[in-house]
Amino acid sequence: MHTSQYMLSTLKETPAHAEVISHQLMLRAGLVRNVASGLYTWLPTGLKVLRKVENIVREEMEKAGAIETLMPMVQPADLWQESGRWDDYGPELLRLNDRHKRPFVLGPTHEEVITKLVSNEINSYKQLPLTLFQVQTKFRDEIRPRFGVMRGREFLMKDAYSFHLTDECLKKTYQVMFDAYCRIFERLGLDYRPVIADNGSIGGEGSHEFHVLAKSGEDAIAFSDESDYAANIEKAEALAPKGTRPEATQALTEATNLTEIDAKQTVKTHLVVGADEAGEANGLIALVVRGDHTLNEVKAENLAQIASPLTLATDEQINDALGCNAASVGPFGLDIPVIVDRSAAHLANFTCGANKTDIHFTGANWDRDCQNYTIADIRNVVAGDPSPCGKGKIEIKRGIEVGHIFQLGDKYAQAMKCSVLTESGKNQILTMGCYGIGVSRIVAAAIEQNHDEYGIRWPKAIAPFQAAIVPMNMAKSARVKETAERLYQQLTQAGIEVLFDDRKERPGVMFADHELIGTPVLLVVGERNLDNQEIEVKDRISGEKSLIAIDKVLELFN
RNA sequence: CGGUGAUUAGCGCAGCUUGGUAGCGCACUUGGUUUGGGUCCAAGGGGUCGCAAGUUCGAAUCUUGCAUCACCGACCA
């Protein structure tokens with residue numbers, strides 16, 4: 001490709017509204033352009049990267065035995081009504097009507113369509129197990145799209161779905177997919193970690209997220225400093241403190257002016273909306289964590305007594321129920337259920353709200369001052385906590401979620417009546433797994449992890465071009481022009497993707513552009529080295545320059 | 001959805017306080033110059049000043065409403 005016949009679209013200045021580095025570089029390097037909030041056009045260079053990621057994902061999925069399909073992005077509402085998600089999915093699900101006023105959705109995911117398909121097409125246990133996948137554009141009407149393509153509304157995703165007769169078979173495929181995911185991220189050249197994850201609203205048991213580690217990551221991940229344990233902080237268990245609780249030695253005393261208390265010797269009490277046996281919102285529940293800890297909303301929401309989604313009581317509700325302000329809520333003397341975090345439950349002689357505005361208790365003790373409570377793990381782990389795996393301490397790093405695999409179970413198969421005849425001739429509902437990879441998000445994540453002050457430093461496997469030829473003063477030197485063109489022909493014929501910079505620009509401009517775009521190898525052709533039949537090779541990652549004989553250039557790409 | 005801020009040439013911004021012929025840098029076009037790290041000189045092209053209404057002889061500038069975009073929060077496979 002010659003730059004004169006290409007669309008580079010590089011920018012010298014950083015567009016004002018791009019916040020994170022990957023977004024800035026994707027705009028500056030000419031990979032994407034914003035069309036509307038959360039919607040992007042992929043420019044030629046960006047699309048090359050996107051396709052490379054997509055192809056690696058596709059190849060590994062096929063190696064793992066998955067079969068490619070393509071489902072529509074627009075899906076009829078009745079499929080979503082059948083699964084129940086028409087009501088469960090919030091405004092993130094974009095709903096629209098066609099000209100006949102029939103309701104449709106823009107697919108944020110494809111469980112309904114695939115389950116319906118398999119339900120119709122697969123009739124016998126002999127056809128199982130089956131794993132299907134697609135690479136398709138998804139649409140989620142995010143409340144607040146941000147970080148460029150990292151959290152856009154429209155994005156490219158690989159989603160795979162597996163169908164099984166037994167959970168045992170599902171677990172086997174889950175492991176195959178797990179391994180395939182590891183190979184994918186290794187081939188992409190990214191520093192990644194699989195982490196234990198919460199299943200979220202999608203349901204089911206057994207789930208891992210794959211994270212690309214980067215400081216700007218949106219998710220916090222808890223690692224053990226001594227083992228392979230890694231979990232999303234939403235899921236990482238906070239163990240109960242060891243040993244027995246200290247003795248109650250102080251008397252319960254009301255205090256008005258509290259100064260200089262160690263947060264570790266206090267508890268804070270959140271009131272949230274509870275749930276009745278049918279799971280409907282009903283009444284309030286008190287959640288107690290130690291003053292220096294934070295409530296883990298996912299753990300709390302997963303408790304049966306608590307309404308989903310987790311809803312904090314309003315100041316008004318608190319005032320109606322207790323007659324005090326939110327800051328003075330405490331666990332004692334409440335006629336609503338009290339759930340106490342393990343660490344908070346281990347305190348003695350602590351300080352807490354007294355359920356009277358601006359009044360607190362000191363010298364508070366469980367059992368003596370409050371009998372009706374239950375203990376649960378409801379806080380976020382913090383750095384230094386013992387690892388739940390039993391080895392080492394927790395360290396917290398940030399990651400970008402680029403993959404997520406689930407053992408779904410029969411939630412969708414049940415709803416969509418997806419069953420086959422077994423060997424004994426009986427109808428049996430299938431059990432499912434689902435496996436997603438954010439293809440477009442990987443492009444942004446790769447940049448977050450691989451850039452410097454000059455621009456992007458692509459891992460070789462996904463660089464838009466393998467090399468760029470930069471001729472020095474080609475307009476004046478016929479020899480440079482000839483050599484560069486010959487080199488270009490040679491490399492191109494060998495199947496190497498080379499960008500030939502034939503713009504009439506000064507060298508500095510060309511160097512800066514190619515470093516911004518992140519091409520791994522620059523081949524600099526200049527008068528200076530031609531007498532020796534050599535050209536200069538500059539490595540984008542190491543920054544090292546070296547001379548190489550022109551007829552040996554091909555060997556660089558073996 | 002709440003809080004904050006922005007909207008002037010393709011991009012980055014000034015002008016607005018104190019109303020009076022719309023500017024700067026980059027990019028773009030043409031000519032020259034330069035040529036191993038974002039040259040220099042000259043001449044050009046490009047604007048419903050987000051939209052609408054109001055005040056005024058006159059509005060980018062003042063007033064009101066609306067829209068869009070972004071940041072923080074809430075939200076979130």
Side-chain angles (χ1 to χ4, degrees), chain A residues 8-20 23-24 27-28 30 33-39 85 88-93 107-111 138 140-148 150-153 155 157-159 195 197-204 207-211 218-219 232 234-235 297-298 301 308-312 314 400-408 434-438 441 453-455 470-477 480 501 503-516 522-530 535-536 538 543 545 547:
Chain A
L8 269 186
S9 296
T10 53
L11 301 174
K12 201 185 271 189
E13 288 181 275
T14 303
H17 291 308
E19 201 65 19
V20 295
H23 189 197
Q24 293 174 359
L27 293 168
R28 288 225 293 134
R33 285 292 181 264
N34 184 257
V35 175
S37 180
L39 303 175
R85 288 208 289 185
D88 295 348
Y89 228 99
E92 217 178 288
L93 181 64
T109 173
H110 282 74
E111 278 86 4
K138 308 286 189 197
R140 290 181 198 169
D141 200 358
E142 294 278 352
I143 292 174
R144 189 180 149 205
R146 61 186 122 173
F147 307 145
M150 196 104 86
R151 183 175 285 276
R153 290 195 289 179
F155 54 97
M157 182 169 174
K158 184 284 299 175
D159 49 329
V195 309
D198 186 77
N199 281 31
S201 58
I202 207 158
S207 165
H208 285 85
E209 289 169 358
F210 286 76
H211 283 260
E218 282 194 275
D219 291 305
N232 191 303
E234 291 172 350
K235 184 79 173 180
E297 300 191 359
V298 172
E301 190 175 306
S308 178
L310 187 84
T311 316
L312 285 172
T314 60
I400 300 163
E401 183 189 348
V402 289
H404 201 158
I405 58 178
F406 292 92
Q407 294 174 40
L408 261 188
C434 95
Y435 318 90
I437 285 187
R441 183 181 275 188
E453 57 186 304
Y454 303 110
V470 185
M472 293 293 116
N473 202 9
M474 188 169 73
K476 285 270 169 68
S477 167
V480 166
D501 202 334
R503 289 177 297 173
K504 215 182 152 191
E505 284 289 355
R506 294 175 58 82
V509 174
M510 296 196 273
F511 286 131
D513 269 347
H514 294 294
E515 276 157 12
L516 177 60
L522 285 193
L523 304 171
V524 185
V525 182
E527 275 292 336
R528 207 184 268 179
N529 303 307
L530 278 188
I535 62 162
E536 184 182 297
K538 183 167 180 187
K545 298 179 192 172
L547 292 174

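Please read these numbers as outputs of a predicted model, since none were measured by experiment.
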### Task
Answer with base, sugar-phosphate or nothing: what part of the nucleic acid does A:Glu234 contact at a heavy-atom distance below 4.0 Å?
nothing

### Query
So what's B:G73 paired with, Watson-Crick or G-U wobble, going by both distances under 3.5 Å?
B:C1

### Message
Within the 4.0 Å heavy-atom criterion, would you say A:Glu142 contacts the bases, only the backbone, or no part of the nucleic acid?
### Response
nothing

### Query
What nucleic acid atoms does A:Val470 come within less than 4.0 Å of, heavy atoms only: base, sugar-phosphate, or nothing?
nothing

### Message
Tell me whether the side-chain N or O atoms of A:Glu515 pair up with the base of B:G37 as donor and acceptor below 3.5 Å, since no angle test is needed here.
### Response
yes

### Query
With sugar-phosphate meaning primed atoms plus P, OP1 and OP2, does A:Glu92 contact a base, only sugar-phosphate, or nothing at under 4.0 Å between heavy atoms?
sugar-phosphate

### Query
If you look at every strand shown and take non-hydrogen atoms under 4.0 Å, does A:Glu209 touch a base, only sugar-phosphate, or nothing?
nothing

### Task
In sequence, state the C-alpha distance, the side-chain angles, and the governing distance for A:Ile535 and A:Asn529, and then conclude on side chain to side chain contact (heavy atoms under 4.5 Å, CB included).
CA-CA 6 Å; A:Ile535 62 162; A:Asn529 303 307; 5.9 Å; no

#### Entry: Ionic contact status for A:Arg151 with A:Glu142, cut-off 4.0 Å
yes

### Task
Once you apply the 3.5 Å cut-off to both distances, tell me the Watson-Crick or G-U wobble partner of B:C49, or none.
none

### Task
With a 3.5 angstrom cut-off on both distances, give the Watson-Crick or G-U wobble partner of B:C26, or none if there isn't one.
B:G10

### Query
A:Lys138 near the nucleic acid: base, sugar-phosphate alone, or nothing, with a heavy-atom cut-off under 4.0 Å?
nothing

### Task
Have a look at A:Asp219 and say if it touches a base, only the backbone sugar-phosphate, or nothing, with a 4.0 Å heavy-atom cut-off.
nothing

### Task
Scan A:Ala16 against the nucleic acid and name what it touches under 4.0 Å (heavy atoms): base, sugar-phosphate only, or nothing.
sugar-phosphate

### Task
Answer yes or no: are there more than 12 heavy-atom neighbours, outside A:Tyr454 itself, under 6.0 Å from its atom OH?
no

### Query
With sugar-phosphate meaning primed atoms plus P, OP1 and OP2, does A:Ile143 contact a base, only sugar-phosphate, or nothing at under 4.0 Å between heavy atoms?
base

### Query
Between A:Glu111 and A:Arg85, is the closest basic N to carboxylate O distance under 4.0 Å?
yes

### Query
NA contact type, A:Met157, heavy-atom cut-off 4.0 Å: base, sugar-phosphate, or nothing?
base

